[in-house]
Amino acid sequence: MLSKENFEKLERLKSQYPTTKSLSLPVLWMIQEQHGWISPESMQYVADLLQLPVSHVYGVVTFYTMFNTKPVGKYHLQVCTNVSCLLRGGEELLDHICKRLHVKRGEITLDQRFTVTEVECLGSCGTAPMLQANDEYYENLSTEKVERLLDEWSKG
Amino acid sequence: MSEFTEKLILPDIPNLHQLDVYERHGGYQALRKAMGMKPEEIIEEVKKSNLRGRGGACFPTGMKWSFMPKQSTKPKYLCANGDESEPGTFKDRQIFECNPHLFIEGAIIAAYAMGVTTVYTYIRGEYAKWIAILQKAVDDAYARNYIGKNILGTGFGTEFVIYRGAGAYICGEESALMNSLQGERGYPRVKPPFPAQVGLYGCPTTINNIETIANVPIILNRGAEWYWKIGAPKQPGTLLYGISGHVNKPGVYEFPTGILLTDLIYNYAGGVPGEKKIKAVIPGGSSTMWLRGEEIEGVKMDADSLKAVGTAIGTGGVIVMDEDTDVLKVLARIAHFYHHESCGQCTPCREGCGWMEKILNRFLAGDGTMSDIDLLMDVANNIEGNTICALGDAAAWPVQSVIRKFREEFEARAKKSPTAPKPVTPPHLVTTFDA
Ligand SMILES: Cc1cc2nc3c(=O)[nH]c(=O)nc-3n(C[C@H](O)[C@H](O)[C@H](O)COP(=O)(O)O)c2cc1C
Ligand code: SF4
Ligand code: FES
């Protein structure tokens with residue numbers, strides 16, 4: 001299930017840690033990058049690959065909020081509503097996005113293009129409000145700016 | 001305003017993240033110097049500088065390093081903490097972005113001083129962009145033999161590995177960080193044993209914040225004597241102040257420790273939009289106790305000065321709230337955060353954080369009662385000091401301080417009706433000894 005590239009990467013990583021257990025997070029990241037989420041089958045695969053109990057893998061996947069246990073849209077929009085963002089309109093931004101995309105927090109759009117998630121502080125408090133779309137940060141947002149981004153993402 | 005205006009950690013030099021540029025501005029000279037010193041001499045120098053940790057707890061760095069055993073049959077590790085998830089904190093990412101080699105150089109010096117074989121840098125998973133920048137810098141440093149098996153031909157070797165977290169505030173807590181690096185759930189460990197004895201993979205380990213480590217080359221280059229004269233004597237050096245919320249120019253500002261909070265807000269961060277008054281300030285990240293707007297005059301930004309006014313420097317992340325802010329709404333959001341991030345190992349934290357959030361939400365919905373105020377305080381008091389790690393305390397402190405300082409906000413929102421249902425008092429979690 002790992003791509004050839006990731007397999008090679010994994011071989012290189014092995015020398016960096018004294019235990020294979022440490023590779024749990026790096027391998028799960030590889031799986032998520034390839035498939036967008038981590039399915040029960042993937043968990044079994046990782047367990048076999050690293051020779052760890054599947055219960056361990058399941059425990060790790062469910063502990064960390066960034067690991068998706070169900071499929072997410074092509075654009076995973078993660079909007080921060082923690083203090084600094086709250087003070088600068090993060091809540092309103094999140095509501096605005098949900099309304100425009102006709103979803104509630106945590107849901108995926110019917111066309112599978114967007115998932116909207118409310119998240120905790122992303123270390124962008126000085127450029128609030130902000131959101132993370134997949135791995136990219138979009139900062140100093142306003143409703144106009146976010147409208148333009150959504151227009152673009154709805155096409156591409 | 002302060003006399004010392006030099007930027008030591010984030011100087012205004014374009015493209016400083018590139019190795020060539022960094023070298024042209026004296027980069028890796030501190031490492032060369034360090035390699036000519038004995039490891040104990042470096043630890044002594046760091047001790048003399050009075051450098052204190054920038055990760056929140058302000059622990060003296062040189063002393064922490066000296067806890068590492070000199071002789072060890074097991075490998076020794078350094079964990080650099082780049083988890084940076086405390087709300088209101090966004091400074092370490094600035095180091096990754098603008099001056100990653102300063103951090104790398106500091107980490108290699110620290111590794112040499114403590115006899116560390118591998119430096120693991122743990123970075124929060126969301127910082128994909130900054131992980132890539134740091135990885136590039138690390139690769140370049142390897143290529144020039146600043147990291148590797150035989151650094152600068154001295155015979156000393158250390159490896160440098162970046163580990164990507166996956167979203168969990170608790171992994172910034174040092175023992176949770178080590179468990180996470182071991183590929184497990186990020187559960188904090190009971191202490192003792194302390195990491196210098198039993199740390200990562202059961203081996204002697206030191207954990208330091210990214211900004212703390214970035215100070216090390218500066219201390220070696222300029223000398224401890226010079227360093228400890230900057231800013232507040234007991235916590236010297238410059239600090240990366242992050243300021244956010246209701247200010248005109250939020251961002252990261254580097255100034256000596258001990259500057260006036262009002263200077264930071266009004267002179268550097270451009271004051272409050274619309275010239276509004278300040279209602280409250282959180283001085284050092286969401287875990288620190290709040291100050292009322294009327295209290296900030298004359299308050300200095302260093303560990304001792306903030307302790308004297310009942311709060312803490314924390315991560316140096318200042319959050320400003322203007323006069324129109326609904327403080328209960330902000331506090332409820334903070335309570336939600338700690339409830340969400342509690343790892344669930346200790347009952348007082350797991351249950352208490354949930355109760356605090358619930359009670360605060362009652363006030364927001366207009367269903368809070370006068371006795372709820374005392375109940376809320378009671379829950380907070382029963383969390384504080386009764387948990388494995390400091391997340392419990394961090395959840396209790398803001399609640400306690402807001403009740404103390406903004407009681408009238410609770411009272412104004414509480415249901416006045418005498419027929420209001422009496423809330424069910426949860427059983428006491430633990431008996432405190434001084435009760
Ligand atoms: C809940 C919790 C979260 C923490 N998060 C961080 C963090 O994100 N970054 C950090 O450097 N320290 C964090 N700390 C503090 C670390 O446990 C540790 O004290 C620090 O990394 C030590 O580095 P220093 O001595 O250089 O400050 C956290 C502590 C707690 C209790
Ligand atoms: S205090 Fe909270 S976060 Fe810390 S170990 Fe206990 S339950 Fe986990
Ligand atoms: S509070 Fe939103 S990024 Fe920090």
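Numbers restart at 1 for each chain; the letters A, B, ... are given by sequence-line order, proteins then strands.
Ranked by heavy-atom pairs under 4.5 Å with chain A, the first of B/Lys249, B/Arg333, B/Glu341 is B/Arg333. When the candidates A/Val83, A/Asn82, A/Thr62, A/Val119 are compared by the number of heavy-atom contacts under 4.5 Å with chain B, A/Asn82 comes out ahead. Highest contact tally toward chain A, considering only B/Ser286, B/Gly186, B/Gly125, is held by B/Gly186 [criterion: heavy-atom pairs under 4.5 Å]. Ranked by heavy-atom pairs under 4.5 Å with chain A, the first of B/His336, B/Met321, B/His246, B/Glu159 is B/His246. Of the listed residues (B/Glu84, B/His340, B/Lys129), the greatest number of heavy-atom pairs within a distance under 4.5 Å of chain A belongs to B/His340. Chain A forms the most heavy-atom pairs under 4.5 Å with one residue out of B/Tyr163, B/Tyr169, B/Tyr187, and that residue is B/Tyr163.
Interatomic distance, CD of A/Gln16 versus CD1 of B/Ile162, reported as 9.5 Å (0.5 Å rounding).
With respect to B/Arg93 and A/Glu139, a salt bridge is recorded, a charged nitrogen being found less than 4.0 Å from a carboxylate O.
Of all residues in residues 27-46 of chain A, those placing a non-hydrogen atom less than 4.5 angstrom from a non-hydrogen atom of chain B are A/Trp29, A/Glu33. Heavy-atom neighbours of chain B within the stretch residues 66-79 of chain A, taken at a separation under 4.5 angstrom, comprise A/Met66, A/Phe67. Scanning residues 85-109 of chain A against chain B with a 4.5 Å non-hydrogen threshold yields A/Leu86, A/Leu87, A/Arg88, sorted by number. Of all residues in residues 125-132 of chain A, those placing a non-hydrogen atom less than 4.5 angstrom from a non-hydrogen atom of chain B are A/Cys125, A/Gly126, A/Gln132.
Remark: the backbone N or O of A/Pro26 is not paired with any side-chain donor or acceptor of B/Arg164 at under 3.5 angstrom. Put simply, the side chain of A/Ser84 never gets that close to the backbone of B/Gly245: no donor and acceptor are under 3.5 Å apart. Using modelled atom types, no side-chain atom of B/Tyr201 and backbone atom of A/Tyr17 make a donor-acceptor pair closer than 3.5 Å.
In this structure, the portion of B/Tyr77 lying under 4.5 Å from any heavy atom of chain A is its side chain and not its backbone. Contacts between B/Val320 and chain A at a heavy-atom distance below 4.5 Å involve the backbone alone (N, CA, C, O). Looking at B/Ile319, only its side chain comes within 4.5 Å of chain A, counting heavy atoms on both sides. Proximity to chain A is absent for every atom of B/Ile131, based on heavy atoms less than 4.5 angstrom apart. Of the two parts of B/Ala166, the backbone and the side chain both hold a non-hydrogen atom closer than 4.5 Å to a non-hydrogen atom of chain A. B/Thr89 touches chain A through its backbone: at least one of N, CA, C or O sits under 4.5 Å from a heavy atom, while the side chain does not. In this structure, the portion of B/Tyr120 lying under 4.5 Å from any heavy atom of chain A is its side chain and not its backbone. For a residue to count as touching a neighbouring chain, one of its non-hydrogen atoms must lie under 4.5 Å from one of that chain's; by this rule B/Val330 touches chain A with backbone and side chain alike. Proximity to chain A is limited to the side chain of B/Ile170, based on heavy atoms less than 4.5 angstrom apart. Only the backbone of B/Glu86 comes within less than 4.5 Å of a heavy atom in chain A; its side chain stays farther off.
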Q | B/Cys171/A/Tyr64 under side chain to side chain contact (heavy atoms under 4.5 Å, CB included): CA gap, chis, key distance, verdict | A | CA-CA 10 Å; B/Cys171 290; A/Tyr64 296 94; 3.7 Å; yes

